[in-house]
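Per chain, numbering begins at 1; letters A, B, ... match sequence-line order. Just so it is clear, the structure is predicted and the values come from calculations on it, not from any experiment.
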2 protein chains.
Amino acid sequence: MTDSVPESTRQTLDRLYENPETRLTSLFELAPADEQVDGQLTMFKALANEHRIRILEALRDGELCACELQVVLDAPQSTVASHLRELKDAGLVKTRRQGKWTYYRIGDTAVLQLLDIADALTGDTV
Amino acid sequence: MTDSVPESTRQTLDRLYENPETRLTSLFELAPADEQVDGQLTMFKALANEHRIRILEALRDGELCACELQVVLDAPQSTVASHLRELKDAGLVKTRRQGKWTYYRIGDTAVLQLLDIADALTGDTV
DNA sequence: GCGTCAAACCGAACATCACCGATTTATTCA
DNA sequence: TGAATAAATCGGTGATGTTCGGTTTGACGC
């Protein structure tokens, strides 16, 4: 299990600790499961874009159709559509089709918590 | 204030609503302040990388020096260093220098909330 | 069927990010 | 002072993300 550690790193640990093998094992225990990180990464990637953040903020008060979101973002139709696709793929928004229009809404309100916490983290100048 | 809207979009709104000007104004009110979005974007960008997520998860239980994080990530020194730089720039981690070693710790525990919520959002298969 | 329109998809140019070897900067200790 | 070492920085290359005109799809009314 500790075989993949580069030799240089192992040497470093040898210098740092009396019992490097034990320390190595406890460091490996700090690594979360791959599935967990994958899921978190999917979320944060989906949120790491200004247009997509603005879309989600606009949907706080309720659903909007794609054409209305074009107004909010002030961006070309194809650009808005591709961002909506990404948000939908990530499960952050859900859609409802009504005639020619597609209405978008927040998929899970926990996303709004993410937006709020991220805002609070940068907002206060402590 | 509504001057920057493309003509095609304005035409769409004309078809959709009886009172397009009023609707235009209310749509603009859905747009959050630039500073808010900038801050949120900084956060999510910093979190949108597998290595950086793993670093933060590893720091849950307390501080670690850069060389220990190299073990956790199993990545080259320069790679780890650049990710630590980004996390520090975003304010997500703080540093403490002791001799040759630089110890990293979580800057604000609210970050852990972000990680937890993101995990929960993808974890449950409702 | 046919024209119209909202939305989705495609593809190519462009921008940004990630990786990592090599080098430099600090710090310790002899 | 000089050797050793942890960490930061630099620079070039490849990977990934974004943009947006053009096209296609699907729904509506005539």
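Nucleic acid contact for B/Ala81: base, since at least one base atom lies under 4.0 Å from a heavy atom of the residue.
Between the CG atom of B/Leu84 and the P atom of C/dC19 there is a distance of 13 Å, rounded to whole Å. Rounded to an integer number of Å, the gap from CG of A/Leu69 to P of C/dA8 is 10 Å. Atoms CG (B/Asp89) and C1' (D/dT9) sit 13 Å apart, rounded to a whole Å. For the pair B/Gln70 CD and C/dC20 P, the computed distance is 12 Å after rounding to whole Å. When the P atom of C/dC17 is taken as reference, atom CZ of B/Phe44 falls 16 Å away, rounded to whole Å. Taking atom CZ of residue A/Arg97 and atom P of nucleotide C/dC5, one finds them 16 Å apart after rounding to whole Å. A/Leu73 has its CG atom 12 Å from the P atom of D/dC20, to the nearest Å. In this entry the distance linking CG of B/Leu64 with P of D/dA7 reads 11 Å, nearest Å.
Contact annotation: B/Arg85 side-chain N/O to D/dT9 OP1/OP2 distance is under 4.0 Å. Considering only side-chain N and O atoms, B/Tyr104 lies under 4.0 angstrom from the phosphate OP1 or OP2 of D/dA8.
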Under 3.5 Å between N/O atoms: give me all the protein pairs with nucleotides 16-19 of chain D, atom names plus distance.
residue, atom, partner, partner atom, Å
D/dG17, OP1, A/Lys45, NZ, 3.4
D/dT18, OP1, A/Asn49, ND2, 3.1
D/dT18, OP1, A/Arg52, NH2, 3.1
D/dT18, OP2, A/Arg52, NH1, 3.4
D/dT18, OP2, A/Glu86, OE2, 3.2
D/dT19, OP2, A/His83, NE2, 2.5

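Partner of A/His51 under the side-chain contact (heavy atoms from CB on, under 4.5 Å) criterion, chosen from A/Val80, A/Thr79, A/Leu69: A/Thr79. Remark: of the listed residues A/Leu56, A/Asp61, A/Leu92, A/Leu87, A/Leu56 is the sole one forming a side-chain contact (heavy atoms from CB on, under 4.5 Å) with A/Ile106.
A salt bridge links A/Arg60 with A/Asp116: at least one charged nitrogen is closer than 4.0 Å to a carboxylate oxygen. Ion pairing between a basic and an acidic side chain is recognised when a charged N comes within 4.0 Å of a carboxylate O; B/Arg54 and B/Asp74 show no such pairing.
Shortest non-hydrogen contact noted between A/Ala66 and A/Leu84 is CB-CD1, 4.0 Å.
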Show me the donor-acceptor pairs, under 3.5 Å and distance only, between side chains in residues 37-45 of chain A and residues at least two apart or in other chains.
residue, atom, partner, partner atom, Å
A/Gln40, NE2, B/Glu57, OE2, 3.0
A/Gln40, NE2, B/Leu115, O, 3.0
A/Thr42, OG1, A/Asp38, O, 2.9

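A residue-by-residue look at A/Gln98 and B/Ser78 shows that B/Ser78 has its nearest nucleotide of DNA chain D further toward the 5' end.
Between C/dA8, D/dA7, C/dC5, one nucleotide has an atom nearer to the side chain of A/Lys100 than all others, and that is C/dC5. Comparing C/dA7, C/dC9, C/dA22 by their closest approach to the side chain of B/Gln77 singles out C/dA22. For B/Trp101, the side-chain atoms get nearest to D/dA6 when compared with the rest of C/dA22, C/dA7, D/dA6.
In this structure, the separation between SG on A/Cys65 and OH on A/Tyr104 is 10.0 Å, given to the nearest 0.5 Å.
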